[in-house]
Amino acid sequence: MDRNRQKHAPIYEALESFKKKRVVPFDVPGHKRGRGNPELVQLLGEKCVGIDVNSMKPLDNLCHPVSVIREAEELAAEAFGAEHAFLMVGGTTSAVQSMILSTCKPGEEIILPRNVHKSAINALVLCGAIPVYVEPETEPRIGIALGIEPCKIEAAIKAHPNAKAVLLNNPSYYGICSDLKTITEIVHRYGLKMLVDEAHGTHLHFGPDLPVDSMTCGADMAAISMHKSGGSLTQSSLLLTSNGMNADYVRQIINITQTTSASYLLLSSLDVSRRNLALRGRESFEKVAEMAEYARREINAIGGYYAYGKELVNGSSIYDYDVTKLSVYTQGIGLTGIEVYDLLRDEYDIQIEFGDIGNILAYISIGDRIRDIERLVNALADIKRLYEKEELPSISGDYIQPEVIVSPQQAFYSEKELLPVRDTVGRICGEFIMCYPPGIPILAPGERITEEIIDYIVYAKEKGCSLQGTEDIEAEHLNVLV
């Protein structure tokens with residue numbers, strides 16, 4: 001990586017140059033640098049609305065970049081060790097879907113774990129590909145899905161010789177990593193494409209002593225959430241390609257669904273954040289890892305909680321662990337993760353990333369400070385003192401492996417009927433239902449509904465999880481195939 005080249009931020013620099021010219025706007029957006037919407041200026045500031053501009057020759061065009069955006073993409077590719085990088089303004093959802101749409105056609109199979117983000121299954125609804133799910137193991141104490149073992153991927157490929165790609169989410173939301181390098185070697189040996197949803201691993205390429213990243217492992221494509229640990233604005237991400245993937249074709253796929261009115265706020269934030277990672281990423285994530293490890297020690301010293309880390313590594317289903325993740329099992333104090341999440345927000349003014357049935361996740365990043373960590377630790381100690389109950393039996397829905405009866409696309413577009421949740425046992429689901437975050441579907445279109453799944457849905461709802469994806473916004477009813 002050329003550090004001198006990485007000092008440049010071409011989109012940011014072009015916007016700075018553009019501002020100095022005082023161009024009279026007779027184009028969109030209609031707020032005209034904020035003059036038409038004073039409340040917007042008051043909310044966001046003059047500088048922000050002043051660079052909320054339309055594509056034009058000096059600023060390039062995301063759909064067909066030839067100048068500053070193209071240069072920014074080249075710098076991003078170099079920074080992440082990829083052949084090509086695409087700036088994505090539709091979030092990592094758009095990047096994940098572009099990976100699948102670029103490699104799978106209607107009726108073709110793709111191998112993936114069932115605990116993928118909903119964006120991956122939505123892509124199957126769009127393109128008509130058929131999922132082949134590989135079941136992950138479950139950690140017996142904390143109930144979360146683990147990584148996928150290489151032998152399971154190879155077995156799935158042998159059983160489905162016409163599959164076109166393998167998709168893995170690595171690391172998981174909780175920090176669990178599979179043996180990505182070995183899996184990638186197996187996938188390529190059989191002639192398939194290796195796709196990685198690296199939404200929660202933007203930092204891996206830059207941090208010392210962190211799990212290996214997708215491009216270093218030789219993956220063909222990777223979706224990177226720059227707005228998570230990379231420091232860019234929400235909704236901005238990267239799509240990386242390597243191994244001779246046809247970048248021009250991939251851009252055609254991206255342009256099918258991505259906006260033609262790309263936000264320069266998002267684009268410039270990607271540009272500046274890439275520069276920051278390239279120049280200062282190593283030292284930044286060294287500090288992040290130290291803060292997370294400190295928090296883990298302090299939380300485990302409270303008792304009842306379990307802030308897990310590298311001790312989980314077993315060389316197979318947990319090949320490595322991302323220590324920047326502060327995942328904490330809460331059922332040891334008799335509270336679900338969502339209950340602790342709500343208490344932290346409502347009683348202590350602390351907003352963490354999510355709480356599920358068994359765990360909470362506090363996202364530690366380059367913007368955190370030790371005193372914030374200490375405030376979180378003290379709040380958790382207080383919650384244990386004030387609200388502790390008898391320890392709950394371990395309950396988690398992350399590992400439930402539904403039976404796929406028809407393809408997601410066929411089920412989504414089939415004729416359906418709306419029934420009370422308890423009356424749907426044995427039927428085929430026609431929509432998504434998930435706790436969000438993390439956005440892993442409990443049920444997806446085309447899957448058989450079982451009593452166990454219904455029990456989990458009801459339990460999650462009772463405990464206050466945000467259930468999303470259903471036509472019925474209250475999630476009291478489910479659409480099933482007629």
Side-chain angles (χ1 to χ4, degrees), residues 96-97 100-101 103-138 145 148 152-153 155-169 192 195 197 396-436 439-461 467-472 475-482:
V96 168
Q97 292 176 348
I100 294 174
L101 294 173
T103 52
C104 297
K105 295 180 174 61
E108 294 181 341
E109 292 178 323
I110 179 171
I111 297 167
L112 66 169
R114 177 55 182 74
N115 62 323
V116 289
H117 188 264
K118 67 173 183 176
S119 58
I121 303 177
N122 275 332
L124 305 184
V125 172
L126 292 173
C127 74
I130 311 298
V132 175
Y133 291 125
V134 179
E135 186 171 1
E137 289 185 11
T138 303
I148 301 296
K152 290 189 175 182
I153 293 293
I157 294 173
K158 287 180 177 178
H160 299 269
N162 295 319
K164 300 298 180 183
V166 171
L167 170 70
L168 285 187
N169 42 317
L192 282 71
L195 317 178
D197 178 353
S396 174
D398 194 34
Y399 66 92
I400 295 175
Q401 189 83 1
E403 178 188 6
V404 179
I405 306 300
V406 300
S407 75
Q409 185 182 69
Q410 181 184 341
F412 189 82
Y413 291 111
S414 291
E415 186 178 350
K416 297 182 279 285
E417 62 177 332
L418 200 61
L419 296 178
V421 168
R422 281 290 185 192
D423 295 343
T424 63
V425 175
R427 302 292 292 272
I428 300 172
C429 189
E431 59 185 352
F432 289 95
I433 183 166
M434 71 203 81
C435 295
Y436 196 89
I440 298 166
I442 302 167
L443 280 167
E447 296 174 347
R448 178 85 68 191
I449 302 170
T450 65
E451 191 78 46
E452 177 192 21
I453 292 170
I454 295 301
D455 287 344
Y456 177 75
I457 290 170
V458 172
Y459 182 81
K461 188 174 176 63
L467 293 175
Q468 300 183 16
T470 51
E471 181 181 321
D472 174 12
E476 300 285 353
H477 299 76
L478 281 177
N479 269 312
V480 295
L481 272 60
V482 174

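Excluded from the calculations below are hydrogen atoms, water molecules and symmetry mates; all remaining heavy atoms, backbone and side chain alike, are included.
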What are the two closest heavy atoms between [X] and [Y], and how far apart are they?
{"X": "A163", "Y": "I111", "value": "CB-CD1, 3.9 Å"}
{"X": "H477", "Y": "E431", "value": "O-OE2, 4.0 Å"}
{"X": "A123", "Y": "L101", "value": "O-CD2, 4.1 Å"}
{"X": "V421", "Y": "A475", "value": "CG2-O, 3.6 Å"}
{"X": "L481", "Y": "A411", "value": "CD1-O, 3.8 Å"}
{"X": "I100", "Y": "A120", "value": "CD1-O, 3.6 Å"}

How long is the straight-line distance from [atom2] of [Y] back to [atom1] of [X], given to the nearest 0.5 Å?
{"X": "I453", "Y": "C429", "atom1": "CD1", "atom2": "SG", "value": "8.5 Å"}
{"X": "I442", "Y": "Q468", "atom1": "CD1", "atom2": "CD", "value": "11.0 Å"}
{"X": "F432", "Y": "L443", "atom1": "CZ", "atom2": "CG", "value": "10.5 Å"}
{"X": "L192", "Y": "I157", "atom1": "CG", "atom2": "CD1", "value": "5.0 Å"}
{"X": "E451", "Y": "T424", "atom1": "CD", "atom2": "OG1", "value": "9.0 Å"}
{"X": "I121", "Y": "Q97", "atom1": "CD1", "atom2": "CD", "value": "11.5 Å"}

Check: Between T450 and E403, does a side-chain contact (heavy atoms from CB on, under 4.5 Å) hold up when you go through it step by step?
Finding: CA-CA 9 Å; T450 65; E403 178 188 6; over 6 Å; no
Worksheet item: Got more than 12 heavy atoms from elsewhere within 6.0 Å of OH, Y133?
Response: yes
Review point. Just wondering, are more than 12 heavy atoms of other shown residues or ligands nearer than 6.0 Å to CD in E417?
Key: yes
Donor-acceptor contact present, side-chain [X] to main-chain [Y], <3.5 Å:
{"X": "N479", "Y": "K416", "answer": "no"}
{"X": "K152", "Y": "P136", "answer": "no"}
{"X": "N115", "Y": "I440", "answer": "no"}

From the list I405, L478, L419, side-chain contact (heavy atoms from CB on, under 4.5 Å) with R427 holds only for L419
Problem set entry | Member of V425, I449, I428 meeting the side-chain contact (heavy atoms from CB on, under 4.5 Å) criterion with V480 |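 So the option named by the test is I449.
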Next item on the list: Assess whether side-chain contact (heavy atoms from CB on, under 4.5 Å) is satisfied between V116 and V96, documenting all intermediate values.
Entry: CA-CA 10 Å; V116 289; V96 168; over 6 Å; no
Report yes if some heavy atom in the side chain of [X] is under 4.5 Å from a heavy atom in the side chain of [Y]; otherwise report no.
{"X": "P441", "Y": "R114", "result": "yes"}
{"X": "L126", "Y": "N122", "result": "no"}
{"X": "E476", "Y": "K461", "result": "yes"}

Evaluate side-chain contact (heavy atoms from CB on, under 4.5 Å) for I110 paired with L195, printing each intermediate quantity in order.
CA-CA 10 Å; I110 179 171; L195 317 178; 4.3 Å; yes
Evaluation steps, side-chain contact (heavy atoms from CB on, under 4.5 Å), between R422 and D455 | CA-CA 9 Å; R422 281 290 185 192; D455 287 344; 2.8 Å; yes
